[in-house]
Amino acid sequence: MRILKPEDFESKDTPRLARALLGKFLVREFRGKKRRFMITETEAYDGPFDRANHAHKGKTSRTGVMFGPSGRWYVYLVYGMHEMLNLVTGPEGYPAAILIRGVKEVSGPGRLTRVLRITRALNAKVFTKENGLYIVDIGAPVLSSKIVATPRIGVSYAGPFWSNKPYRFFIAGL
DNA sequence: TAAGTGATCTCT
DNA sequence: GAGATCACTTAA
């Protein structure tokens, strides 16, 4: 078992990283309790040209964290009530992130953050054990035949080219 | 199918 | 400052 490091997400191949995150475990240490959840669904938001990516219009106070180095959390509020958990990827200056949409037994990005008690307090925090939210690899890769890729959810505003890209990944049959 | 909810961004 | 929009969930 290995705790992943910020440098493990420096690649610009965001879809590949998103796919590789499946089967890893999200570990939440909160108020003295530690819980592990297997990541089962992710989405890639890949760089400045991806029109579905919040950062495609440039750096703002919200999206600035995506332009920084990999391995930070990007947490934002959507629809007035749901916090979304993303892991920033790519080298400094390349805005990209992976939305963690689901873990085993918890489907949906809004429910995930509610169950794990994740809020914007974690936004821009480095992904470490000290911050109470990190990822471990238990060394059990997911069979590629079990991984399904589809278009991302809720991004029709990005136009057909970007909204149809198969940047959503999940483990079939859970 | 649509309401709920508030931060963010794009105009004035 | 106002108005539209939004990487969702739940109840009907």
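Reminder, nothing fancy here: chain letters follow the sequence lines and each chain counts from 1. Computed from a predicted model, the values in this text were never measured in an experiment.
Using a 4.5 Å heavy-atom cutoff, the side chains of A:Trp73 and A:Val88 are not in contact. Residues A:Thr63 and A:Phe67 have side chains in contact (heavy-atom distance under 4.5 Å, counting atoms from C-beta outward).
Near DNA chain C, meaning a heavy atom under 4.0 Å from it, residues 158-174 of chain A has no residue at all. For the contact set between residues 79-98 of chain A and DNA chain B, defined by any heavy atom under 4.0 Å, the members are A:Tyr79, A:Gly80, A:Met81, A:His82. Listed in residue order, the members of residues 37-51 of chain A having a heavy atom less than 4.0 Å from DNA chain C are A:Tyr45.
The nucleotide range of DNA chain C contacted by chain A, defined by atoms under 4.0 angstrom from heavy atoms of the protein and reported 5' to 3', is C:dC6 to C:dT10.
Centroid-to-centroid, the aromatic rings of A:His54 and A:Tyr76 come within less than 6.0 Å.
Taking only side-chain nitrogens and oxygens, A:Arg62 comes nearer than 4.0 Å to OP1 or OP2 of B:dC9.
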Provide a list of protein-nucleic acid N or O atom pairs under 3.5 angstrom, restricted to nucleotides 10-12 of chain B.
none

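Between the P atom of B:dT8 and the OH atom of A:Tyr76 lies a distance of 12 Å, rounded to the nearest Å. Distance, A:Arg120 CZ to B:dG6 P: 10 Å, rounded to whole Å.
In the hydrophobic clustering of ILVMFWY residues, with side-chain heavy atoms under 4.5 Å counting as a link, A:Leu85 and A:Met66 come out apart.
Not a single donor-acceptor pair under 3.5 Å links the side chain of A:Trp162 to the backbone N or O of A:Asn53.
Around the CZ atom of A:Arg117, the shell of radius 6.0 Å holds no more than 12 heavy atoms that belong to other residues, nucleotides or ligands.
Paired regions of DNA chain C, where each region holds three or more successive Watson-Crick or G-U pairs whose two hydrogen-bonding distances fall under 3.5 Å, are B:1-4 with C:8-11, B:6-11 with C:1-6.
Using a 4.0 Å cut-off between charged nitrogen and carboxylate oxygen, A:Arg2 and A:Asp8 count as a salt-bridge pair.
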